[in-house]
There are 2 protein chains.
Amino acid sequence: MDYITSVSKPLLVVGIAHGEPIAIFRTFIMKNVSLKDIAQKVGTSISTVSFVLNGKEKQVRISDILAKKIREVAKKEGYLPNKMAIGLKTGKSNIVGLVVDTISGRLFAALAEVIEKELDNHGYKVIYCSTGNNAKKGKELIELLYQHQVDGYMIIPAEGMEKEIGQLEEQGKPLVLIDSYFPKLKTAHVLVDNYGGISDAVDFLVKKQYKKIAFVYNDVAMIQMKERKRAYQEKMKGAGIKPLADWLLKVPFADAGEEQALKIELFLKKVQPDAVIFAANYLGIHGIEAIHNLKLKFPADIGIICFDDHEVFNLHQPAITVVKQPVPELAKTAVAILLAKLRKEPSSAPDAVEIKAKLIERQSTR
Amino acid sequence: MDYITSVSKPLLVVGIAHGEPIAIFRTFIMKNVSLKDIAQKVGTSISTVSFVLNGKEKQVRISDILAKKIREVAKKEGYLPNKMAIGLKTGKSNIVGLVVDTISGRLFAALAEVIEKELDNHGYKVIYCSTGNNAKKGKELIELLYQHQVDGYMIIPAEGMEKEIGQLEEQGKPLVLIDSYFPKLKTAHVLVDNYGGISDAVDFLVKKQYKKIAFVYNDVAMIQMKERKRAYQEKMKGAGIKPLADWLLKVPFADAGEEQALKIELFLKKVQPDAVIFAANYLGIHGIEAIHNLKLKFPADIGIICFDDHEVFNLHQPAITVVKQPVPELAKTAVAILLAKLRKEPSSAPDAVEIKAKLIERQSTR
DNA sequence: CTGAAAGCGCTTACAG
DNA sequence: CTGAAAGCGCTTACAG
């Protein structure tokens with residue numbers, strides 16, 4: 001590790017706040033203060049303290065003086081309830097588990113921000129976990145969340161998670177899937193209108209007189225990708241163009257980035273399409289790399305359009321035309337469904353929602 | 001919501017797995033099976049079951065037959081230990097809390113992936129939380145993690161979290177800061193060599209004969225940004241160039257993206273530097289927008305260099321020269337420090353590490 | 001070799 | 001108006 005430039009070993013710091021008098025910190029120090037401690041200090045019982053601190057003093061008719069005293073002491077001592085104990089007792093955690101495929105994906109980042117904010121407004125915290133599209137990890141994570149008594153689940157499902165998701169459902173756990181679902185299960189889900197999005201892309205390219213339109217997708221055998229592919233094939237046929245088998249390129253999801261770019265490069269070189277649809281944003285990114293490497297220019301040499309937007313596409317010169325997923329709407333809708341389930345409301349809203357994607361024309365098509 | 005395209009209300013699914021016989025699911029169903037249940041089924045005591053399931057059968061000399069039986073029943077019943085109960089009893093959760101500023105940032109995404117994998121190898125799961133650079137939220141999140149008996153903390157500190165971080169330290173909680181730290185506290189931390197990184201950038205530009213080098217930074221009053229600014233000022237002076245006050249632009253972190261781009265645009269228009277250093281990657285992204293809007297070309301009209309890499313910079317044409325943070329090394333080092341603390345090892349490694357950044361020349365400078 | 005019992009920190013009927 | 005007590009599901013000395 002010749003990387004390390006400068007190191008220093010800090011002093012052992014015990015109870016000292018550098019530059020600050022220790023007394024100030026003492027007041028706010030987080031100790032393991034329990035209800036028992038407070039009860040003793042105040043000279044009352046644990047139950048009374050619990051009632052007051054949970055705002056149930058009126059129901060149980062505890063005197064204002066006592067209640068006030070209890071609150072004061074709790075504050076002074078810096079009481080923080082032990083969530084483990086509460087969870088064990090009540091079976092509730094006020095936590096929602098969000099399971100995603102990869103944490104570095106754009107979809108996740110955009111989703112997470114909205115979901116965290118929305119759920120926070122309702123008193124729920126979010127735990128994130130990522131499966132890396134690995135079935136075993138997915139199973140483990142769901143079990144882990146289950147063991148931690150998570151109240152609700154939001155899952156971007158991956159291959160191989162069908163069984164665990166089915167089990168959560170059987171248990172009646174509040175659960176909503178995002179971005180995909182398993183057709184065999186009737187789990188609540190919200191996702192983009194994949195079929196419609198790719199249909200729009202094909203229509204758009206056909207109207208622009210593109211003829212040889214290629215389609216680059218991945219090997220994730222989930223409904224969202226299947227729908228995109230189906231839309232491509234049906235719409236092409238509808239336009240009177242029969243796409244040859246070799247106009248389609250399936251890039252393994254697990255391949256390294258450079259490997260994917262290389263495969264796309266070879267594909268484009270061989271097939272020489274006049275336009276390409278990339279069925280996922282990361283494929284589009286690798287596609288741009290490939291096109292750069294081939295020294296092709298777009299839209300002059302080739303037209304491109306990508307399903308799902310990304311910062312890169314907007315900033316690129318020329319900017320890339322995309323089919324944009326309404327990610328904030330997806331997130332909000334999913335949260336709304338989950339909240340209804342958490343509240344055990346007779347969900348008035350539909351439990352299976354598709355939201356339209358929107359084609360945004362930029363400069364990567366003629 | 002005219003966005004909604006098609007909706008359908010699934011059947012109520014209770015104990016039915018569509019297309020699969022119910023019996024198959026029954027076997028694996030996640031019930032709330034407890035030690036007590038297993039003890040009853042086997043006809044032994046809770047403690048014996050606990051010992052066996054925790055692999056302590058040898059220590060306590062439980063007969064192989066009994067142990068085997070217990071394991072069988074546990075498996076058949078789908079026993080999953082209640083982590084709340086374990087946590088309450090042991091005070092351990094096997095969870096590490098990772099607190100970041102924003103979850104959609106590149107730094108977070110790259111860090112999270114490495115951290116999750118490394119900690120997973122050691123039996124720890126990760127909970128992510130984001131503060132949105134809001135001091136109040138930061139405080140709440142640390143408290144929340146504390147209440148959930150998290151075993152260790154990895155924190156990208158933001159302004160206003162000093163007190164809580166000091167408290168964690170006083171409590172002797174395993175804790176390591178990433179990307180920044182508070183000079184007054186001696187908390188373990190690992191970050192990039194900010195001073196060296198910007199120094200290299202200035203040297204590089206000076207060597208390329210740039211004279212009027214501007215510096216765009218933000219108002220986050222944390223050490224990492226202060227160091228970057230200090231490096232700019234000192235190195236410019238060292239090169240015999242006295243940067244005027246108006247060569248520096250401080251962009252409020254809280255501003256919306258377009259607002260930031262606009263401020264940078266006006267700044268560049270007014271100051272007309274021949275090169276700009278952007279002190280954070282998102283500033284560079286807004287800077288590129290601004291430069292596009294001004295119809296300037298780089299490197300012809302202006303040279304640019306950005307602290308911290310981003311997908312956008314590599315894919316942009318021309319690609320942007322950057323000072324790259326060694327994010328995986330940061331993450332690995334931080335995890336190593338934290339693990340030592342979790343194991344209560346007399347940390348042999350240094351507790352304060354700076355890792356060198358690396359200048360990557362691309363095409364945005366002449 | 002195995003079990004009864006205490007206790008982690010809470011909540012919440014129940015009794016007074 | 002307030003307190004004693006049971007119990008959530010575990011772990012772990014302790015006793016036999």
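A note on names: the letters A, B, ... follow the listed sequences, proteins ahead of strands, and every chain is numbered from 1.
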Next item on the list: Select base, sugar-phosphate, or nothing to describe what A:S63 touches, counting heavy atoms under 4.0 Å on all strands.
Entry: sugar-phosphate
Notebook entry, point to check: Of all nucleotides in DNA chain C with an atom under 4.0 Å from a non-hydrogen atom of chain A, which is the first and which the last going 5' to 3'?
Noted result: C:dG9 to C:dA13
Item checked: Toward the 5' end of DNA chain C, by each residue's nearest nucleotide, B:T90 or B:T48 -> B:T48
Check: Strictly by modelled atom types, are A:Q149 and A:S93 linked by a side-chain donor-acceptor pair under 3.5 Å?
Finding: no
Checklist line | CG on B:L145 to NZ on A:K83, rounded to 0.5 Å | finding: 11.0 Å
Next item on the list: Return the 5'-most residue of the pair B:F51, A:I46 with respect to DNA chain D, ranking by each residue's nearest nucleotide.
Entry: A:I46
Check: Using 4.0 Å as the upper bound for N to carboxylate O, is an ion pair formed by B:K137 and B:D101?
Finding: no
Margin query: Going by purine N1 to pyrimidine N3 plus the second Watson-Crick contact, or the G-U wobble pair, all under 3.5 Å, which nucleotide sits opposite C:dC14?
Written below: D:dG3
Check: Using a cut-off of 4.0 Å on non-hydrogen atoms, how would the nucleic acid contact of A:L88 be classed: base, sugar-phosphate, or nothing?
Finding: base
Item checked: Span that lies between the C1' atom of C:dT2 and that of D:dT11, in whole angstrom -> 16 Å
Notebook entry, point to check: Salt bridge or not for A:K136 and A:E140, using N-O below 4.0 Å?
Noted result: yes
Notebook entry, point to check: With sugar-phosphate meaning primed atoms plus P, OP1 and OP2, does A:L66 contact a base, only sugar-phosphate, or nothing at under 4.0 Å between heavy atoms?
Noted result: sugar-phosphate
Notebook entry, point to check: So what does A:K56 hit on the nucleic acid, given a heavy-atom distance under 4.0 Å: a base, only sugar-phosphate, or nothing?
Noted result: sugar-phosphate
Next item on the list: Pick base, sugar-phosphate or nothing for A:S34, based on heavy-atom distances below 4.0 Å to the nucleic acid.
Entry: sugar-phosphate
Next item on the list: Taking all non-hydrogen atoms of both residues into account, name the closest pair between A:V52 and A:A67 and its distance.
Entry: CG1-O, 3.7 Å
Next item on the list: Would you mind checking if B:K184 and B:E162 are paired as a salt bridge, meaning a charged N to carboxylate O distance below 4.0 Å?
Entry: no
